[in-house]
Undergrad: 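Please find one structure pasted underneath; my questions will follow.
Heavy atoms only: backbone and side chains are in, while hydrogens, waters and symmetry mates are out. Just so it is clear: chains get the letters A, B, ... in the order the sequence lines come, proteins before strands, and each one is counted from 1.
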There are 4 protein chains.
Amino acid sequence: MIVRYGGRVATRPTRPALRDRYDRRRADVVERAAHVFARRGYGRTSMQQLAEELGIAVGSLYHYFPGKEQLLVAICDELMDPLLGDARALDGAGLAPPEQLRALVRLWVGHVVTHRDHLLVFQQERHAIERGAQWRGVRADRKAFERLLEGVLAEAEAAGALRTADRRLALSALLGMVNHTAQWYRPGGRLTPEAIADGYVDLLVRAPAR
Amino acid sequence: MIVRYGGRVATRPTRPALRDRYDRRRADVVERAAHVFARRGYGRTSMQQLAEELGIAVGSLYHYFPGKEQLLVAICDELMDPLLGDARALDGAGLAPPEQLRALVRLWVGHVVTHRDHLLVFQQERHAIERGAQWRGVRADRKAFERLLEGVLAEAEAAGALRTADRRLALSALLGMVNHTAQWYRPGGRLTPEAIADGYVDLLVRAPAR
Amino acid sequence: MIVRYGGRVATRPTRPALRDRYDRRRADVVERAAHVFARRGYGRTSMQQLAEELGIAVGSLYHYFPGKEQLLVAICDELMDPLLGDARALDGAGLAPPEQLRALVRLWVGHVVTHRDHLLVFQQERHAIERGAQWRGVRADRKAFERLLEGVLAEAEAAGALRTADRRLALSALLGMVNHTAQWYRPGGRLTPEAIADGYVDLLVRAPAR
Amino acid sequence: MIVRYGGRVATRPTRPALRDRYDRRRADVVERAAHVFARRGYGRTSMQQLAEELGIAVGSLYHYFPGKEQLLVAICDELMDPLLGDARALDGAGLAPPEQLRALVRLWVGHVVTHRDHLLVFQQERHAIERGAQWRGVRADRKAFERLLEGVLAEAEAAGALRTADRRLALSALLGMVNHTAQWYRPGGRLTPEAIADGYVDLLVRAPAR
DNA sequence: TATGAATGAGCCTTCATTCAT
DNA sequence: CATGAATGAAGGCTCATTCAT
C-alpha cells in the first residue's frame, strides 16, 4: 500500500503510540473534510467552517496539514493511492483478459462508491490539479492508473474480446462512465456496485458475461 | 430557441442599435470568461484577473452581470439553452429510433466540443448548481435534457436496438462518456466529433452502423 | 438677496433666455436633491440613484454641478443665503428689541419649515462642513447668522426683556430648539410656524406677548 | 441596567476571563470609534482608516462587530442604554415635580457631555436610524426616553410649575436645546454641565431655582 | 498538544466622474 | 445639450495562516 503524505507534514510524532493516534485522527479529518468539500465546494468552505463542522479548532487543522491545499492533496492521495495499489495487485494476479478487465472495473467502481466524496472533490478541483508542482504526485497516479487501464484494454483487444475498433476511445468512454458514477450513486440504490461495473464492462466487451 | 439571461440584467439598453452591441459584447464576455474560468478555475479567478484578461475594466463587467455568480449562470445558460433547443428540434423531426439516438449524440458531442470551456466550468461548479435558487433554471434545463435523452433511449429499446437490458444505467454511462469528452478533446485531434459520437453510440446499440 | 453658486459652475449659459432656464433647472435639482438626501442620506445616495429619482441622466447632473460635493454646497447655500439675506433686511428695519427678536425667530422658523430638507442635510453633514476649504462660505454664513442673532439677543437683554442672565446659553438654547424643529415639523400639523416661533420666544423673554 | 449588544455578536467567548477581556476591548472600540466617526463622519471613515486610528488590524474589528453598521448600532446603544437606565431609576425615586425635572435634565446633560461623540454620530446618522429593522432597538429607546421626559413635564405642568401652556412644544424645545449641547460643549468651558442643565430648566419652569 | 484571537492580503462590489455619441 | 456606457480607485468584508496562551 502506497502511503504518501502529500508534502511536508506539520509535526508527525515519533513515538509509536502517539503516531498511531495522530495518523488515525489525520485520516479522520481527510475523510470528513472530503465530505464537507464535496457538498459545499472546496473553494466555498473556509477553514473556520470546516473546523466547526469537524468539531475541532481551526488551529488544530494545522497540526495535521501545513495548509488548506495540502488537505486537498491528502484527499486526492487518499483517492488515488489505494486504488492504484489494488489495481497493481490485481494486475499481478495474472487473470485472463476479459476477466481481468471485469475484475478491474469492479474494483474501480467499488472504490468510486466508497470514495464518492473524494472523487467529487477531485473533479471539482481538476483544473488546479493539472497545474502546480505539489500536484505532481496526484497527476502521476492518475496517469499510472490510466496507463494500467489501457494495458488491460489492450490485452482484451488482443484477445479479441473488445467490441470497438478504437481502444483509445473505449478508454475515454470507460473513464467517463465510471467516474461519472460518483455523481449519481447512492448506497442502497437499485444497483450494486458490482452490477454497475458489469453493466459498464458489458458495453465494451463482445460476449456479455452471465 | 430559449433565450434566458440568467436573472436580472443590469440595464439592458432599449434602443435596438445599442442593444445589439450590448448583446454582442455580453455574449463575448460570457464566451471568453468561460475560457478563463475553465483554465484557472472559477473560484481562483478574481474579477480583477478576469477583467484584465478580457482587456476591459472591472467595473465594466458589472454593466453586463449583476455579480460574479450571475456570470457563472450566464455561462451555464449558454451551455444548456442551445443544446436543449437543438435537441428539442431534433426530437420533433421524427427520425426512427436508432438514427434518432445517433443524431442526438452527434448533436450533443458537437455541442460539447464547441462548448468545452462552458462544460468544464459547469462540472467544476456542479456542487453550487445543485443548490441555490438562482440555479433553478440551469437545473431544470439539465433535467429536461436528461429526460429527453432517456426518452430517446426508451424508444431505441422499444425498437430492440439497445444492447443493454438496463436503460437507466445506459443513460448514466452515456452521460458520463459524452460529458467526459470535454476533458480530453482537442480540435484537430485524431477523431472528429462525429466519429467520437458514433463510437459512443456503437457501444450502446446492437448493430453498429457504417 | 445673496446669490452664490458654491464654487465654479460647469458651464452657465450667457444668453439670458438660456441662462434663466438653466438657473431654473439647477434650482429645481437643488430642491429635489435636498429632499432625496434628507431621506436616504447624502452618503448613501449615489449619483445614479439621485439621477433616477430626479428623472434625468447621470451626466446631466454634471452640467449643473462640478461634483457631488458641490451639489451639497449648493443645498447649504440655498439654506443659508436667503435666511441671512432676510435676517439682515430685518435687522435694518429698526424694530424695538423684543419685537425684533420675535420677528427674527418667526422669520427663521418660517425658513426652517420651508427648508426642512436642506436643514436636515446640513445637520447630517455638519462634520464635513466644519472642515474643508470649499465650505468656507457656508461656515461664514452660519457664523454671520449666529452673530446677528446674538446681537438681537444682546439688545433684548439691554432692554431688560430677557429672562435669563446667561445670554450665551440662551443663544445656544435657541439655536438648538429652532433647528431641531426640522426633525419633527410636519406641514398642516397642530401648530403654525408662527405659533412655534412664538412659543420659543416666550421661553426666553420676560413678558410673553399676545 | 439594560445591556444589549446591537444584534448578534461575532463569537463572544464563554470563559469568564476571556469574556471580560473581550467585553473591555469591545467597549473600548465603541468608545474610540465614536470619537473618530464624530470627527470624520461615519460614512467618510473607512474601516481601514478606523482600524489604523485604533491601532488594530481591520480583521480584528470583525471579531467584535459583524459589520460596520453594527458598530454604529453599538455606539447608539451605548448612548441610549445607560441614559434610559439612569432616567428610569430616577423616575422611580419619587421626587417632587420641579425637582424631578431638574434632576432629570441634569442627568441628561451630564450624559450628553460625557457621550458627546456618540450623540454627534447619532445625529449624523439619524436618517438611517429612522428606517431599517436593525435600528428597532435604538428607535424604541429613543421613544421610551421621550415618553419618560414627557411624563415628567406633564407632572410639572400639573403642579403648575411650567411656564408654557404648550407642553408638547416645551418637550421639543427641551430635546432641541439639550441635544444641541453636544455641538458646542467643551470640557472645562465656561459653564459646568449642571449650570447648563439649570439654565435650560429655568427657561421652562415658573420659578427659577437658586 | 490544542486552542482561537489576531492578522492583513485580497476579494467582490460600488460609485463619482468622464467622454464619445 | 443631453446621454449613459465605461472607468478604476476605494470600500466593506472574508479567510488562510500564525502564535501566544
Undergrad: How close or far is atom P of dT13(E) from atom CG of Leu71(B), stated in whole angstroms?
TA: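 Computing the Leu71(B):CG to dT13(E):P distance gives 10 Å.
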Undergrad: Would you indicate which nucleotide in dA6(F), dA5(E), dC13(F) comes nearest to any side-chain atom of Arg21(D)?
TA: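 Within the option list, the nearest is dA5(E).
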Undergrad: Looking only at the side chain of His63(D) (C-beta and beyond, no hydrogens), which of the listed nucleotides dA5(F), dT7(E), dC1(F) gets closest?
TA: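 Closest of the options to the side chain of His63(D): dT7(E).
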Undergrad: When you match Gly55(A) and Gln48(B) each to their closest nucleotide on DNA chain E, which lands nearer the 5' end?
TA: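 Nearer the 5' end of the strand: Gly55(A).
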Undergrad: Could you tell me the Watson-Crick or G-U partner of dA20(F), where both distances fall under 3.5 Å? Say none if there is no partner.
TA: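 Its partner is dT3(E) (Watson-Crick or G-U wobble, both distances under 3.5 Å).
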Undergrad: Closer to the 5' end of DNA chain E via nearest nucleotide, is it Val58(A) or Leu18(A)?
TA: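 The 5'-side residue here is Leu18(A).
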Undergrad: What is the pairing partner of dA9(E), taking Watson-Crick or G-U wobble pairs with both distances under 3.5 Å in any strand?
TA: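 Base-paired to dT14(F).
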Undergrad: Which of the following nucleotides, dT18(E), dA6(F), dT13(E), is nearest to the side chain of Tyr62(C)?
TA: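 So the nucleotide nearest the side chain must be dT18(E).
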Undergrad: Compare every heavy atom of Tyr62(B) with every heavy atom of Gly67(B), then report the nearest pair and how far apart it is.
TA: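 So the minimum-distance heavy-atom pair works out to CA-CE2, 3.9 Å.
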Undergrad: Could you check which of dA2(F), dT17(E), dT3(E) has an atom nearest any side-chain atom of Ser60(C)?
TA: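 Of the options given, the side chain of Ser60(C) lies nearest dA2(F).
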Undergrad: Just to verify, which of Val73(B), Leu71(B), Leu72(B) counts as forming a side chain to side chain contact (heavy atoms under 4.5 Å, CB included) with Phe65(B)?
TA: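 Answer to the side chain to side chain contact (heavy atoms under 4.5 Å, CB included) test with Phe65(B) among Val73(B), Leu71(B), Leu72(B): Leu71(B).
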Undergrad: Send over the distance from Leu50(D) CG to dA10(F) P, rounded to a whole Å.
TA: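 Those two atoms, CG and P, are 18 Å apart.
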Undergrad: Could you tell me whether the side chains of Gln123(D) and Gln123(C) share a donor-acceptor contact shorter than 3.5 Å?
TA: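 No, no side-chain donor-acceptor contact under 3.5 Å.
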Undergrad: Nearest-Å distance, CZ (Arg44(D)) to C1' (dA9(F))?
TA: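 Result: 17 Å.
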Undergrad: If each of Pro13(C) and Gly59(A) is mapped to the nucleotide of DNA chain F with the nearest heavy atom, which maps nearer the 5' terminus, i.e. the 5' end?
TA: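 Per heavy-atom nearest nucleotide, the more 5' residue is Pro13(C).
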Undergrad: When the distance from CG of Leu61(A) to C1' of dG4(E) is rounded to whole Å, what number comes out?
TA: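 Rounded to whole Å, this separation is 12 Å.
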Undergrad: Give one of base, sugar-phosphate or nothing for Arg25(B), where a contact means two heavy atoms less than 4.0 Å apart.
TA: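 If one applies the 4.0 Å heavy-atom cut-off, Arg25(B) turns out to touch the sugar-phosphate alone, with no base involved.
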Undergrad: Ignoring the backbone of Ala57(C), work out which of dA5(F), dT7(E), dT3(F) is nearest its side chain.
TA: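 The nucleotide sitting nearest to the side chain is dT3(F).
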Undergrad: Rounded off to whole Å, could you give me the CE-to-P distance for the Met47(D) and dT14(F) pair?
TA: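 Those two atoms, CE and P, are 10 Å apart.
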Undergrad: Separation of Lys68(A) atom NZ from dC15(F) atom P, in whole Å?
TA: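 It is 8 Å, rounded to the nearest whole Å.
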Undergrad: Between atom CD in Glu52(B) and atom P in dC12(E), what is the gap in whole Å?
TA: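 About 14 Å, once rounded to whole Å.
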Undergrad: So which nucleotide from dA6(E), dA2(F), dC12(E) ends up closest to the side chain of Ser46(B)?
TA: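 Looking only at heavy atoms from C-beta outward on Ser46(B), the closest nucleotide is dC12(E).
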Undergrad: Rounding to a whole Å, what distance do you find between Asp20(B):CG and dA5(F):P?
TA: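 Going from Asp20(B) (CG) to dA5(F) (P), I get 14 Å.
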Undergrad: Output yes when Arg40(C) and Glu52(C) qualify as a salt bridge under the 4.0 Å nitrogen-oxygen rule, no when they do not.
TA: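 Between Glu52(C) and Arg40(C) there is no salt bridge, as every charged N stays at least 4.0 Å from the carboxylate O atoms.
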Undergrad: Under 4.0 Å between a side-chain nitrogen and a carboxylate oxygen: does that hold for Arg44(A) and Glu125(B)?
TA: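 Glu125(B) and Arg44(A): salt-bridged.
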